[in-house]
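The structure presented is a predicted model; accordingly, all values stated were derived computationally and were not measured.
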Amino acid sequence: MRYWLMKSEPSECSIDDVLAMPKQSVAWWGVRNYQARNFMRDLMRPGDPVFFYHSSCPEPGIVGLAEVASRAYPDETQFEPTGKYYDPKSSREAPRWLLVDVRVKCKTRLITLDELRAHAELSTMRVLARGNRLSITPVAPEHWQFICARLLGLPS
DNA sequence: GCCAACGTTGGC
DNA sequence: GCCAACGTTGGC
């Protein structure tokens, strides 16, 4: 089992938007980066725990706990010619972009980016790395445990 | 809206 | 396969 952090812009799809969906689950559409795609395709498995993160907003940070809810499958938005996620180089026969379903388990208090950076124990988190632009990053087990136990006060 | 960082594209 | 130009991400 692997741990993940997945970024979503709340103006596009917030954690509340997902909680309002049937089964509190959403297809994680719109990933157009090969490394992030490969994480979904090669490493993500149903049940993997996920930090739900709000990005490109006034207070970026972790806002909830979620889990991977499917294996990877083609992202329909790549086939929609009028959509902003359309990829003319992709085809149904050889889909270029994949996604997984993500199910929100609960909201948490907001753990801001500033708070994450303030803890030396988290200094090597991939999402905090200078210049990181990946919308999906692996989370080391010790980082997951630290955030859940020390920052959220959840029983381990 | 700025801009650092870095991924992608395409000419050679 | 190199690398300059360009595009995108995302915090600030």
Identify each donor-acceptor pair in which a side-chain atom of residues 6-16 of chain A lies under 3.5 Å from a protein atom, sequence neighbours left out, and give them as a table.
unit_1 : atom_1 : unit_2  : atom_2 : d
S8(A)  : OG     : C13(A)  : O      : 2.6
E12(A) : OE2    : K84(A)  : NZ     : 2.8
E12(A) : OE2    : Y85(A)  : OH     : 3.3
S14(A) : OG     : D16(A)  : N      : 3.3
S14(A) : OG     : D17(A)  : N      : 3.1
S14(A) : OG     : D17(A)  : OD2    : 3.3
D16(A) : OD1    : K107(A) : NZ     : 2.8
D16(A) : OD2    : K107(A) : NZ     : 3.4

Tell me every residue that passes side-chain hydrogen bond (donor to acceptor under 3.5 Å, both in side chains) with E115(A), counting only those two or more places apart in sequence or in another chain.
R109(A)

Could you check which residues of residues 52-59 of chain A get a heavy atom under 4.0 Å from DNA chain C? Sort them by number, please.
Y53(A), S55(A), S56(A)

Positional range of nucleotides in DNA chain C within the contact set of chain A, heavy-atom, under 4.0 Å:
dG7(C) to dC12(C)

For DNA chain C, the residues among residues 131-138 of chain A that have a non-hydrogen atom under 4.0 Å from it
R133(A), L134(A), S135(A)

Pairing residues for T124(A) by the side-chain hydrogen bond (donor to acceptor under 3.5 Å, both in side chains) criterion, not counting sequence neighbours
H143(A)

Closest nucleotide of DNA chain B for K89(A) versus for N33(A): which of these residues is on the 5' side?
N33(A)

Within a reach of under 6.0 Å around CD of E59(A), are more than 12 heavy atoms found that belong to other residues, nucleotides or ligands?
no

Using the salt bridge (Lys or Arg N to Asp or Glu O under 4.0 Å) rule, collect all pairs that involve residues 24-47 of chain A, keeping only residues at least two apart or in two chains.
R32(A)-D75(A)

Once side-chain contact (heavy atoms from CB on, under 4.5 Å) is applied, do any residues pair with E80(A), and if so which ones, sequence neighbours excluded?
E76(A), T77(A)

By side-chain hydrogen bond (donor to acceptor under 3.5 Å, both in side chains), which residues pair with W28(A), not counting sequence neighbours?
none

Could you pull out all donor-acceptor pairs under 3.5 Å where a side-chain atom in residues 62-71 of chain A meets a protein atom, sequence neighbours excluded?
unit_1 : atom_1 : unit_2  : atom_2 : d
E67(A) : OE2    : R103(A) : NE     : 3.3
E67(A) : OE2    : R103(A) : NH2    : 2.7
S70(A) : OG     : D101(A) : N      : 2.8

Residues that Q145(A) engages under side-chain contact (heavy atoms from CB on, under 4.5 Å), provided they are two or more places apart
Y3(A), S156(A)

Please enumerate all residues that pass side-chain contact (heavy atoms from CB on, under 4.5 Å) together with L113(A), with sequence neighbours excluded.
Y53(A), R117(A), L128(A)

